[in-house]
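Throughout, a chain's letter reflects where its sequence line sits, starting with A, and its residues are numbered from 1.
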Amino acid sequence: MSQIKGKPARVQVDPNEFEEEQPPQTGTVYNIWYNKWSGGGNNHVLVKSKYKLDVERDSGYTRADKTQGTGYFCLFFAKGMCSKGKKCEYLHRIPRDDDVFPLTVDCFGREKFSENRDDMGGIGSFNTVNKTLYIGGVLTDRKDVQDRINGEFKPLGKISKINVISGKNCAFVTFKSESNAQFAKEAMNGQSLYGTDILSVKWAHEDPNPEAIRQKKRTIEQETQQVVLQLLDKYKRQRQDDGPHVEEPEEPEPVQVVQQLKQIEDTKPTTTSNTNGILSGVSLELLKRLPQPKPTDRKSLVNAYESSDDDDD
Amino acid sequence: MSADNKDDVPAVCETCLGPNPYLQMIRERGGLECKLCTRPFTVYKWAPVKNGPFKHTIICLTCAKQRNCCQSCLLDLTYGIPIQLRDAALKMAGVDGVQGASEPKNEVSKLYVANNSERFKSIGGAAVTSNRDKAKEILEKLAAVKGNRPSKSANAQKRDTLPQHIENIDVSKIVSKLPFNGSLEPPSNPELKTLFIFGVDDSLPEYKITEFFEQFGKLKSVNCQHGARCAFVTFTRRVDAEAAAKSISCPISGQSGLFLIENIPLRVTWGKERSLGTTNREKLKVGSIVTKFLKKLSKNSMNTTKRTNEEQTNNNEVKRVKSDTRKPAKEADFEKTFKNYEY
Ligand SMILES: [Zn+2]
Ligand SMILES: [Zn+2]
Ligand SMILES: [Zn+2]
């Protein structure tokens with residue numbers, strides 16, 4: 001993040017020529033962020049994209065690389081239509097292995113949902129890790145279709161597996177990381193391999209093939225084992241850090257604050273001063289440093305900018 | 001019906017709260033719909049870093065308590081890991097009760113479970129990690145579990161039989177053109193810059209193959225077909241392809257070379273890129289033939305090794321040369337992996 005190398009991000013679209021591109025109106029409200037109409041039915045009409053990302057040519061540093069930005073990727077860059085170039089607040093490159101995002105948002109910073117959309121489009125679910133894209137509208141009877149699919153998807157991230165299903169006009173592309181799958185989904189939806197076709201890129205349903213299920217089980221086992229090892233490691237280090245710990249007699253503390261922290265505390269197993277550890281509880285040191293107002297209710301801590309319709313008691 | 005009552009404080013993890021001890025939170029009652037049960041709930045917003053971006057709670061307190069997860073990041077409050085992973089880990093440790101209890105599947109049952117929080121106190125492994133002592137105990141239990149994982153059971157049971165309709169497909173034309181019997185000797189055609197790899201396992205991601213060969217130079221293309229268990233790797237420059245081929249050991253000269261990626265034994269020869277089948281079925285059938293061929297090769301090489309061992313015992317000279325090789329331990333490991341691998 002701090003090291004800025006290479007060229008500035010290219011302006012993909014001239015802001016003067018750029019017309020707000022909206023899909024044909026299929027609803028009553030247009031949502032720029034999700035690029036779709038909502039209300040009045042849910043017909044997604046696939047439109048061929050006017051723009052296309054060229055990773056080599058377009059990538060470069062933006063403001064997001066210089067400041068402590070949000071660290072999210074530019075959705076418009078992915079679609080090949082960001083008019084801001086190096087002035088953009090979002091990242092203009094493809095996600096790397098070290099770009100990790102919270103479970104609850106995608107690499108563009110959009111909030112995920114509890115379930116996938118029925119048509120498997122959209123942002124996706126926070127309950128499943130999905131690294132596989134379903135590519136519809138692939139002209140699988142063309143001779144070089146495999147090469148074209150490879151050529152389009154490989155620049156967008158590390159690939160685990162590509163499978164073109166001839167006869168079904170579709171392909172499955174599995175990325176190493178979920179972020180790259182999210183990025184590629186936005187970058188390739190509405191693109192074309194031969195000029196006449198339009199690709200429709202969605203999340204893949206779980207592969208029902210028994211071999212794939214076994215494969216997934218193995219991956220989960222491996223991941224779980226890794227996590228357990230990490231947890232144990234942290235747990236051990238934490239115990240060492242603790243050492244002989246003498247609890248000092250506590251000063252009278254703001255009652256409400258203690259109460260609040262206690263409640264958070266109750267859901268945690270350990271109380272140590274190591275706040276970075278995964279197993280850390282609420283730090284008692286931290287608690288002692290708190291100011292000593294005489295709060296009469298929790299509002300002193302939880303600053304309440306209540307919604308107006310709320311009755312105050 | 002609101003999802004929480006007024007006196008509750010949010011369940012948010014330390015990481016989400018941030019380092020600031022003087023944290024201020026904004027509370028909005030009924031501000032959002034819970035992302036799990038869809039009931040409106042009291043939303044808290046705060047900036048973990050001063051003047052930084054805001055975080056907020058996205059699920060209601062009831063749902064969070066049932067899962068023992070953070071209302072903002074949804075990670076387990078005790079272990080700081082995704083709750084699905086937590087439940088998988090606890091299952092591995094053989095913790096009672098985790099197996100049966102699972103996430104409610106649809107909106108209606110989620111709502112039902114959330115509304116009856118008295119009955120559904122905990123979902124998945126929440127009961128374990130919300131208990132301080134139990135959480136510690138389980139970690140120790142898990143420590144005992146690791147290490148005795150059967151690593152090969154997964155390999156042993158796969159790809160045994162193909163369904164009849166795939167078994168019946170004739171792929172002899174495709175297979176006859178593939179250079180299974182090729183070698184690692186540099187071919188006379190200077191334009192040939194492609195290596196043929198077979199034995200690719202479903203668990204071996206393509207980028208691992210790419211990364212391995214990229215060490216030697218820029219790649220023009222990688223065509224990896226997991227179904228057919230084969231891949232073609234084409235270099236931009238011939239010299240790089242030769243360097244890659246040279247780095248791979250070739251136990252029987254004139255035959256395919258052997259190497260390992262992620263402990264998966266692969267065979268490699270020079271060879272022009274050919275079709276590996278167009279339909280999925282064709283690819284699978286090619287894959288099954290590759291498997292049979294690999295079994296045969298590994299049996300042959302075992303016999304060869306046996307013979308060489310006998311020769312060695314009769315010949316001290318050879319024995320000394322053998323012990324002089326730079327990495328005998330590694331080589332032995334290598335051979336072992338090949339011999340013990342069940343295709
Ligand atoms: Zn941008
Ligand atoms: Zn809820
Ligand atoms: Zn959290």
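Side-chain contact, B:Asn280 with A:Ser166: no donor N or O sits under 3.5 Å from an acceptor N or O. Using modelled atom types, one finds a donor on one side chain and an acceptor on the other under 3.5 Å when comparing B:Asn223 with B:Gln225.
Both the backbone and the side chain of B:Val222 come within contact range of chain A, each with at least one heavy atom under 4.5 Å from a heavy atom of that chain. At a 4.5 Å heavy-atom cutoff, the contact between B:Leu85 and chain A is made by backbone and side-chain atoms alike. The part of A:Ile165 that comes within reach of chain B is its side chain, from C-beta onward, which places non-hydrogen atoms under 4.5 angstrom from that chain. With a 4.5 Å cut-off on non-hydrogen atoms, A:Phe126 touches chain B through its backbone and its side chain both. For B:Lys208, no part sits under 4.5 Å from any heavy atom of chain A, backbone or side chain. Neither the backbone nor the side chain of A:Lys168 comes within less than 4.5 Å of any heavy atom in chain B. Only the backbone of B:Ser72 comes within contact range of chain A, with heavy atoms under 4.5 Å apart.
When A:Thr174, A:Ile159, A:Thr104 are compared by the number of non-hydrogen pairs under 4.5 Å with chain B, A:Ile159 comes out ahead. Counting heavy-atom pairs closer than 4.5 Å to chain A, the top-ranked of the candidates B:Leu74, B:Leu204, B:Thr38 is B:Leu74.
Electrostatic pairing of A:Lys131 and A:Glu178 does not count as a salt bridge here, judged by no charged N lying under 4.0 Å from a carboxylate O. Ion pairing between a basic and an acidic side chain is recognised when a charged N comes within 4.0 Å of a carboxylate O; B:Asp202 and A:Arg214 show no such pairing.
With a 6.0 Å cutoff to the six-membered ring centre and a 45° limit on the axis angle, B:Lys35 counts as a cation-pi contact of A:Phe113.
Taking the ring-ring contact (aromatic ring centres under 6.0 Å, His included) definition, one finds that A:Tyr134 meets it with A:Phe172, sequence neighbours left out.
Checking A:Phe108, A:Phe101, A:Phe183 one by one against A:Tyr72, the ring pair (Phe, Tyr, Trp, His ring centres under 6.0 Å) holds for a single residue, A:Phe101.
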